[in-house]
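Working notes for the structure below.
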Amino acid sequence: MTLEPQSGLFADASLRLEKALQYVTLPEDALEYLRHPKSSLSVSIPVRMDNGSLQVFQGYRVRYDDTRGPTKGGVRYHPKVSLDEVQSLAFWMTFKCAVLNLPFGGGKGGITLDPKALSKMELERLSRGYIDAIADFIGPDVDILAPDVYTNPMIMGWMMDQYNVIQRKITRAVVTGKPLAMGGSEGRDEATGVGAFMVIETIAPKLGLVPAETTVAIQGFGNAGSILAIQLWKAGYRIVAVSDSQGGIYSAQGLDIPSIQYQKESTRRLQAVYCDGSVCSVVDHQAISNEDLLKLEVDILIPAALENQITEANADQIKAKYIFEVANGPITSAADTILDRKGIVVFPDILVNAGGVTVSYFEWVQNRSGLYWSEEEVQQQLQKRMVKATEDLWHLAQKKAISIRTAGYVLALERIGEAIAVKGTRDYYVRA
Ligand code: NAD
């Protein structure tokens, strides 16, 4: 089945591709391939709920392009998951894997639900049901799953286990982000936040940023946002605001991130930090909305929650000097133009959050070779790749006088285009 939404997030995401085309020479055939997702699957997942009732959930899996290798991408559990969103996320994964020069194409999956409304048993039945529905569409050499918003190592473990039950053999490499005891990799859980930190640390000296004098605001305090917050805090950056789906907290002097993380882990809500208890006494907090956090006058703004947070409606009010996109697609293409006009420099998702898929690649390699790496080896390999990709995009952007985002698409297009072209293009056949 091929479904191609004509408007919305995917249409907006495609504009980045069209923009980059001005700066790269690509065979027309390659472009024609890249404008369309390879395949899209839409499934209904029946789940027996704890109260005995039956509920059917809507799920998706999109394989956008597999020219450079099996498709790879996370699975999202969220009430707003739609085919349009999953397709856009699979599109971004295609370019991200190419920017990092990983031997993968782009894929993504999702289920439309509020995961907080389900019990753990219901979540397990749903996750296994999703794999039952998509098993013929995935595989370690075809399409590999990973965690995304509101999915975690335990859910990845259930998914791999269900795939093994169906295949009647152990196939660890079909899912990454698994628990260590099920063949996961050291460092995978922290990889997205750690990778984003490596990008910031590579860029900071070029921008003349000194940690102690650099203020940071982070929207989203989940896996990616909270790990990055800890890394920045340890390096001495002044994090003045953080938020989650319930709202945020602000302190001009800088927040004490480890105690906030402790509170969040024990209560699951940042709101718990608004109190007068021991954590609040560490530093004076003020409540701040997610909308206001984005408009703070800070050196670095980090959207680490969901897409479409900075749009035409609020881009004019953004006062940060630099934005590092940890979330996928937090800035629309129209907002990009406004931010550019205001002189705000954006470091794009396809670079900044690529640490996750890079360590997923390491996990896939380890599963297939049967040889497992130490945490130091993982960190060294990740550092090497994140620094190289950051330097590549920085220099390409300077050389061509384009944004770092466009540089990312140009580099990825060159790599994907070359792989498509070697299969034979129109020129090749016409000449023959
Ligand atoms: P997560 O589920 O661990 O955390 C999501 C966070 O966002 C939570 O703190 C949640 O409360 C917050 N949030 C949700 N809605 C919000 C809203 N409207 N305003 C503010 N905060 C809100 O998810 P994650 O894995 O940290 O993913 C966050 C982003 O990073 C997503 O865009 C995801 O695609 C991207 N990403 C994640 C990974 C990964 O390995 N986890 C890799 C690459 C990209």
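Ligands are counted one by one from 1 in listed order, and the atoms in each one are counted from 1 as well.
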I'd like to know if [X] pairs up with [Y] as an ion pair, taking the criterion as any Lys NZ or Arg NE/NH1/NH2 lying under 4.0 Å from an Asp or Glu carboxylate oxygen.
X: R405; Y: E325; result: yes
X: K72; Y: D143; result: no
X: R35; Y: E18; result: yes
X: D316; Y: K295; result: no
X: R128; Y: D132; result: no

Starting from [atom], what is the nearest protein heavy atom, named by residue and atom, and what distance separates them?
atom: atom 33 (C) of ligand 1; answer: D148 OD1, 3.3 Å
atom: atom 2 (O) of ligand 1; answer: Y150 N, 2.8 Å
atom: atom 23 (O) of ligand 1; answer: V149 CA, 3.6 Å
atom: atom 29 (C) of ligand 1; answer: A305 O, 3.2 Å
atom: atom 3 (O) of ligand 1; answer: N223 N, 2.8 Å
atom: atom 19 (N) of ligand 1; answer: N290 ND2, 3.3 Å

Side chain, backbone, both or neither: which part of [X] has a heavy atom under 4.0 Å from ligand 1?
X: N328; value: both
X: A304; value: backbone
X: N353; value: both

Looking only at distances, please establish whether an N/O atom of ligand 1 is found under 3.5 Å from an N/O atom of [X].
X: K96; result: no
X: G356; result: no
X: H78; result: no
X: A224; result: yes
X: S245; result: yes
X: T192; result: yes

Going by the angle between their ring planes, with limits at 30° and 60°, are [X] and [Y] parallel, tilted or perpendicular?
X: F104; Y: W364; result: perpendicular
X: F91; Y: F10; result: perpendicular
X: Y409; Y: F95; result: tilted

So, do L102 and F362 sit near enough that their side-chain heavy atoms are less than 4.5 Å apart?
no
Could you go through the salt bridge (Lys or Arg N to Asp or Glu O under 4.0 Å) check for K38 and D65 one step at a time?
CA-CA 6 Å; K38 184 180 170 75; D65 179 76; over 6 Å; no
Where the closest heavy atom to atom 5 (C) of ligand 1 is concerned, which of P115, A191, G222 has it?
G222
Where the closest heavy atom to atom 30 (O) of ligand 1 is concerned, which of V326, V242, V357 has it?
V326
Considering the heavy atoms of [X], write down every atom of ligand 1 situated less than 4.0 Å from one of them.
X: F221; value: 9 (O)
X: D244; value: 9 (O), 11 (O), 20 (C), 21 (N), 22 (C)
X: L306; value: 15 (N)

Looking only at non-hydrogen atoms, find the nearest pair between Q253 and S251 and report the distance.
OE1-OG, 3.0 Å
Judged by non-hydrogen atoms, does R188 sit under 4.0 Å from ligand 1?
yes
Is R76 in contact with ligand 1, taking contact as a heavy-atom separation below 4.0 Å?
yes
Just do the side chain to side chain donor-acceptor pair (under 3.5 Å) check on N101 and R385 with the steps written out, would you?
CA-CA 9 Å; N101 214 0; R385 287 177 183 262; over 6 Å; no
Take atom CD in E391; do more than 12 heavy atoms of anything else shown fall under 6.0 Å from it?
yes
